[in-house]
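The structure under discussion appears below in the form of structure tokens.
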Amino acid sequence: MASLWEYANPLKFMRTTDWLLPIVAVAAVVTTATGLIWGFFFTPDDFRQGATVKIVFIHVPAAMMAINAWVMMLVASLVWLIRRHHVSALAARAAAPIGLVMTLIGLLTGAVWGQPMWGTWWAWDPRLTSFLILFLFYLGYIALWSAIDDPDTGADLTAVLCLVGSVFAVLSRYAALFWNQGLHQGASLSVAPGTRMDWAYKAPLYISMVGFGLIFLALVLAGTRTEIRARRMKALVARERMV
């Protein structure tokens, strides 16, 4: 079995993703379309929330990926700090804009869903507030990468920022368990005993979550490939100037 660390080699990574990326992209489109079409058009309205409950098929997968994207960035940043593999740093950089968009989708759909349910577009609920702070950390992470010319220094500083922001990624996931106050409901899906959601909603939601995960993976692979090419071009330009 090939070592996982072999894929830290940019050439190995590019060769593998040449055939892997199209497969992941097609699977992402098919899975996401299936989950959303099933969820929006073939599930009943909720007896309390009506048709607004169907926002769950976008809101929950987007919020899940917003948090998991930061976790992925944390792991990649730790790999960079410990092993100094450039592909991991570039993967973390590629994941940040995707996580930012997922966080924004989560905030917007949460507001649209919350307004008829809570009577307000926004509340300083512990989970909502920590999620907003996570959004700001995404902005700061991207801005820090853009502000530093040296790629290794940028990778070091953004890795430290990622470690700090991970606190709010955890709070975004578990704030409803840490504090009882707040408008936000508990987890829609849980391994704890008791039925929280009927399978009429749960099945398409699971499919949507897989689809969003595949979308994230496809975009990270594509973004990492772009970052590798950009770094190669920069190196070639610098070499030509020295000649």
inquiry  = If we ignore hydrogens and angles and just use 3.5 Å, is the side chain of T226 paired with the main-chain N or O of A222 as donor and acceptor?
reply    = yes
message = T17: which residues meet the side-chain hydrogen bond (donor to acceptor under 3.5 Å, both in side chains) condition with it, sequence neighbours left out?
response = R225
query = How about V160 and D156: do any of their side-chain heavy atoms sit closer than 4.5 Å?
reply = no
ask   = Are more than 12 heavy atoms from other residues, nucleotides or ligands located less than 6.0 Å from atom CZ of R231?
value = yes
query = Are V56 and Y201 side-chain neighbours, meaning at least one heavy-atom pair lies under 4.5 Å?
reply = no
task = Could you list who else is in L74's hydrophobic cluster, with ILVMFWY side chains joined at under 4.5 Å, directly or through other members?
result = L78, W80, L81, L163
note = For D45, the salt bridge (Lys or Arg N to Asp or Glu O under 4.0 Å) test, sequence neighbours excluded, returns K54
key: Beyond-backbone contact of S166 with V71, side-chain heavy atoms, under 4.5 angstrom   = no
remark   = Contacts of Y138 meeting ring-ring contact (aromatic ring centres under 6.0 Å, His included) (sequence neighbours excluded), chain-then-number -> W70
Residues forming a ring-ring contact (aromatic ring centres under 6.0 Å, His included) with W199, sequence neighbours excluded = Y206
inquiry  = Tell me every residue that passes ring-ring contact (aromatic ring centres under 6.0 Å, His included) with F212, counting only those two or more places apart in sequence or in another chain.
reply    = none
message = Evaluate L136 against L139 for side chain to side chain contact (heavy atoms under 4.5 Å, CB included), listing each step before the verdict.
response = CA-CA 5 Å; L136 298 177; L139 288 176; 4.2 Å; yes
request  = Apply side-chain hydrogen bond (donor to acceptor under 3.5 Å, both in side chains) to the pair D152 and H86, showing each step before the final yes or no.
outcome  = CA-CA 8 Å; D152 288 356; H86 286 89; 3.1 Å; yes
message = Test your reading of the model: is there a side-chain donor-acceptor pair from T32 to the backbone of G211, 3.5 Å cut-off?
response = yes
query = Got N9 and F13 here, is their nearest side-chain heavy-atom distance under 4.5 Å?
reply = no
ask   = Of all heavy-atom pairs between G106 and A62, which one has the smallest distance, and what is that distance?
value = N-CB, 4.2 Å
query = Heavy-atom count around D149 CG within 6.0 Å, excluding the residue itself: above 12?
reply = no
